[in-house]
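I have placed the structure first, in the form of structure tokens, so that the comments after it can refer back to it.
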Amino acid sequence: MRSVTYSMNVSLDGYIVGPDGDFNWTAPDEEVFRFWIDEIREVGVHLMGRRLYETMLYWETADQDPSLGDPELEWASLWNPLPKVVFSTTLSAVEGHARLVSGGLAEEIARLRAEPGEGDIAIGGATLAAEAAALGLIDEYRAVVYPVLIGGGIPFFARNERRVDLELVETRTFSSKVIYLRYRVARQADL
């Protein structure tokens, strides 16, 4: 069965976006960007909310930007054909290889898990991930932790989530002192 993963950049104090909506502290160096390229190769479909979708729209036409280097062009070549599911009640249309869904996260994940297909079901965006976590649908949490405290904003983890036991699967420290943490949710059968 395909795993559901939640992966994002996060500050050391646990936020994906600062109190002013800024996330410029997450600009990856070449090594971290290469890591994200390798990660996206493992994704079969990407689920996201409206805000992340709007942020990632840049990549739909990024390959036309003559200032981009080879890593960015490689990312765009992987991201653009990737099937995306956008959950929104305010958008009326989406672009590229995305389709719009107005509800039913559990049903959508069940449908995707039942379909033949390879690669993880990735979730991006804290709001959508919080809903999936509350439903017990996330199999892995993957945090790319930046050495910065931003003091508030949108948290990586929902603050009202129940206890979830995790098993450390992988760590990696980058030369920029950014740390990757990959945890698998420990299900009752695993304990």
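One is the number of the first residue; the rest follow in order along the sequence. These numbers were taken from a predicted model, which means no experiment stands behind them.
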Heavy-atom count around E115 CD within 6.0 Å, excluding the residue itself: above 12?
yes
Flag yes if more than 12 heavy atoms outside D70 fall under 6.0 Å of its CG atom; otherwise flag no.
no
Charged N to carboxylate O below 4.0 Å: is that the case for R34 and E30?
no
Indicate yes or no: does E39 engage R142 in a salt bridge with an N to O separation below 4.0 Å.
yes
By side-chain hydrogen bond (donor to acceptor under 3.5 Å, both in side chains), N24 pairs with (sequence neighbours left out) D22
D63: side-chain hydrogen bond (donor to acceptor under 3.5 Å, both in side chains) partners, not counting sequence neighbours:
none
Do F156 and Y6 have their ring centres less than 6.0 Å from each other?
yes
Drop me the distance from I123's CD1 to I121's CD1, to the nearest 0.5 angstrom.
8.5 Å
Taking only residues two or more places apart in sequence or in another chain, which ones pass ring pair (Phe, Tyr, Trp, His ring centres under 6.0 Å) with F23?
none
Taking the inter-plane angle between the rings of W79 and H46 on a 0 to 90° scale, is it parallel (under 30°), tilted (30 to 60°) or perpendicular (over 60°)?
perpendicular
What side-chain donor-acceptor pairs closer than 3.5 Å can you find for residues 7-17, not counting sequence neighbours?
unit_1 : atom_1 : unit_2 : atom_2 : d
N9     : OD1    : W36    : NE1    : 3.4
S11    : OG     : D13    : OD1    : 2.5
S11    : OG     : G14    : N      : 3.4
S11    : OG     : Y15    : N      : 3.0
S11    : OG     : Y15    : O      : 3.3
D13    : OD1    : I150   : N      : 3.2
D13    : OD2    : I150   : N      : 3.1
D13    : OD2    : G151   : N      : 2.7

Report all side-chain donor-acceptor pairs from residues 168-177 shorter than 3.5 Å, counting only partners two or more places apart or in another chain.
unit_1 : atom_1 : unit_2 : atom_2 : d
E170   : OE1    : R182   : NH1    : 3.2
S175   : OG     : E31    : OE1    : 2.8
S176   : OG     : D29    : OD2    : 3.2

Side-chain donor-acceptor pairs of residues 125-139 under 3.5 Å, sequence neighbours excluded:
unit_1 : atom_1 : unit_2 : atom_2 : d
T127   : OG1    : R51    : NH2    : 3.2
D139   : OD1    : R113   : NH2    : 3.4
D139   : OD1    : R187   : NH2    : 2.6
D139   : OD2    : V4     : N      : 2.7
D139   : OD2    : R113   : NH2    : 2.4

